[in-house]
Amino acid sequence: MKLSVAVAGREAMPDAFVVFRGLQESVKKAADLGYDGVELALKRPDEITREELRKLLKDTHMEVSAISSGQVWAARQLCFTEENAEKRKELKQTFCGFIDLAADFSRFVNIGRTRGSIDGRGCAHCEQLFLDMAGELSDYAEQRDVTLILEPVNRYEINFVNNLDEGSVLVKKVNRKNFAMMADVFHMNIEDARIGESLERNGPYVRYVHFADTNRHAPGQGHMNWDEIFTALKKNGYNGWTTVEILPWPDPETAAEQAVTFIRNRYGLYYQ
């Protein structure tokens, strides 16, 4: 497995779940702390140029683990279940830009809260809106060897696809080889009755993992059963990215160091 940390540009929303802000400084800080890569939380594809990113990664010997799209919803209110044709067009253009960027740097584009919610509308109607957009984007991404990863998010943040079982059902309905799932153990702690069992049961669909403790702080700072999580990932033969997506508490540098130290010291065997 490889370990990365979520970062964003300085203009990211105040409530963005990232540790470091300022892409140039963030990548360098993550490298110095011993991370293998960074997950980029972007609002738009042009927040960083390819030339700038390529040089930065080369200088720091880092990789991009994924492009995260949460800010597309938080800052721009664009989502897959949107009905307005112009907004759907804008969302598609944004995601195609992310896919183009991922083709050069990461191979993964996240779909978190950008999937949208139901908001009192019919479940079947909203699901079809999602499936239509997901299918079109998956077909575009397939040409570029990029995988879209759907992230189940807890009920207090959204009311559509809250746990891994629900996510797997939707992945099967999209029915594309390059459409899979991201498991976030923070959300799983709220929604999945047994984290380890759910990871094992849905293992064939999990291509990426988010780490945070039960309080959204760094791993090791809450009461998450990390042994259970790593045992399940090992049983599944998981060998992809695990990304720290936490609150920058008590400050960004301390949080990032707590996370990498806990994971490397306790589960370093999995990262060799």
Side-chain angles (χ1 to χ4, degrees), residues 1-6 17 35-37 39 65-66 68-70 106-113 115 134 147-247 259-260 262-272:
M1 285 188 275
K2 293 182 179 181
L3 182 63
S4 72
V5 61
F17 288 126
Y35 286 92
D36 301 306
E39 178 181 301
S65 59
S68 175
S69 63
S106 75
R107 303 297 173 187
F108 289 108
V109 176
N110 152 278
I111 304 170
R113 290 182 298 168
R115 66 173 159 282
T147 296
L148 302 180
I149 41 177
L150 175 65
E151 177 185 13
V153 174
N154 76 78
R155 74 191 75 177
Y156 303 109
E157 297 183 37
I158 206 160
N159 63 357
F160 179 40
V161 190
N162 301 124
N163 59 52
L164 260 59
D165 290 335
E166 294 173 354
S168 291
V169 170
L170 208 55
V171 168
K172 285 183 277 191
K173 288 184 178 181
V174 174
N175 193 28
R176 303 293 199 284
K177 291 182 179 179
N178 66 325
F179 190 90
M181 191 160 54
M182 167 193 286
D184 185 315
V185 299
F186 172 79
H187 298 300
M188 291 183 71
N189 180 63
I190 297 171
E191 298 291 350
D192 295 67
R194 299 286 186 275
I195 294 179
E197 292 176 13
S198 185
L199 282 170
E200 290 183 45
R201 184 168 61 249
N202 296 286
Y205 306 104
V206 174
R207 298 284 300 278
Y208 195 101
V209 180
H210 265 171
F211 281 170
D213 220 308
T214 52
N215 49 10
R216 259 296 187 194
H217 294 175
Q221 302 301 307
H223 56 267
M224 190 75 77
N225 187 337
W226 292 100
D227 289 344
E228 176 187 3
I229 291 166
F230 276 94
T231 296
L233 293 176
K234 182 179 180 181
K235 285 184 179 179
N236 289 347
Y238 183 79
N239 195 36
W241 282 98
T242 54
T243 294
V244 174
E245 189 193 46
I246 57 177
L247 295 172
V260 72
F262 175 82
I263 293 169
R264 294 288 191 197
N265 286 351
R266 189 162 173 176
Y267 301 104
L269 178 65
Y270 295 92
Y271 292 90
Q272 293 180 353

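Since the model is a prediction, treat every value here as computed from it, not as a measurement.
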Partner of H187 by side chain to side chain contact (heavy atoms under 4.5 Å, CB included), out of E157, H210, M182: E157

Are V206 and M181 packed together at the side-chain level, in the sense that at least one heavy-atom pair is separated by less than 4.5 angstrom? yes

Close side-chain approach of M188 and S198, heavy atoms under 4.5 Å: yes

When rounded to the nearest 0.5 angstrom, what is the spacing between NZ in K235 and CZ in F230? 15.5 Å

Specify the closest pair of heavy atoms between S4 and S65, including all atoms of both residues, with the distance to one decimal. OG-OG, 2.9 Å

With sequence neighbours excluded, tell me which residues meet ring pair (Phe, Tyr, Trp, His ring centres under 6.0 Å) with Y271. none

So, for A218 and A259, which heavy atoms are closest and what is the spacing to 0.1 Å? CB-N, 3.7 Å

CG (N202) and CG (D192) are apart, to the nearest 0.5 Å, by 7.5 Å

Determine whether more than 12 heavy atoms belonging to other residues, nucleotides or ligands lie under 6.0 Å from atom CZ of R207. no

Does a side-chain N-to-carboxylate-O contact under 4.0 Å join D165 and R194? no

E151 bridged to R113 by N-O distance under 4.0 Å: no

Rounded to the nearest 0.5 Å, what separates atom CG in L199 from atom OG1 in T231? 10.5 Å

For R115 and I158, the nearest pair of non-hydrogen atoms, with its separation, is NH2-CG2, 3.6 Å

Derivation and outcome, side-chain contact (heavy atoms from CB on, under 4.5 Å), residues T147 and R107: CA-CA 6 Å; T147 296; R107 303 297 173 187; over 6 Å; no

Between CD1 of I195 and CD1 of I229, what distance do you get to the nearest 0.5 Å? 5.0 Å

For the ring pair (Phe, Tyr, Trp, His ring centres under 6.0 Å) test, which of Y267, F211, Y270 pairs with W226? F211

Give the C-alpha distance, both sets of side-chain angles, the deciding distance and a yes or no for side-chain contact (heavy atoms from CB on, under 4.5 Å) between Y205 and L164. CA-CA 9 Å; Y205 306 104; L164 260 59; over 6 Å; no

side-chain contact (heavy atoms from CB on, under 4.5 Å) for Y156 and I190? Distances and angles first, verdict last. CA-CA 9 Å; Y156 303 109; I190 297 171; 3.9 Å; yes

Worked check of side-chain contact (heavy atoms from CB on, under 4.5 Å) between V260 and V244: CA-CA 8 Å; V260 72; V244 174; over 6 Å; no

As an exercise, state the distance from CG of L269 to CE of M1, rounded to the nearest 0.5 Å. 9.0 Å

Side-chain donor/acceptor of N189 to backbone N/O of T214, under 3.5 Å: no

With sequence neighbours excluded, tell me which residues meet side-chain hydrogen bond (donor to acceptor under 3.5 Å, both in side chains) with R266. D227

Do Y35 and I263 have side chains that get closer than 4.5 Å, going by heavy atoms? no

Output yes when a side-chain donor or acceptor of S69 lies under 3.5 Å from a complementary backbone atom of N110, and no otherwise. yes

Got I246 and Q221 here, is their nearest side-chain heavy-atom distance under 4.5 Å? no

Checking N236 side chain against P204 main chain: does a donor-acceptor pair fall under 3.5 Å? no

For the CD atom of E245 and the CZ atom of F17, what is their distance to the nearest 0.5 Å? 7.0 Å

Heavy-atom closest pair, residues A134 and V174: CB-CG2, 4.0 Å

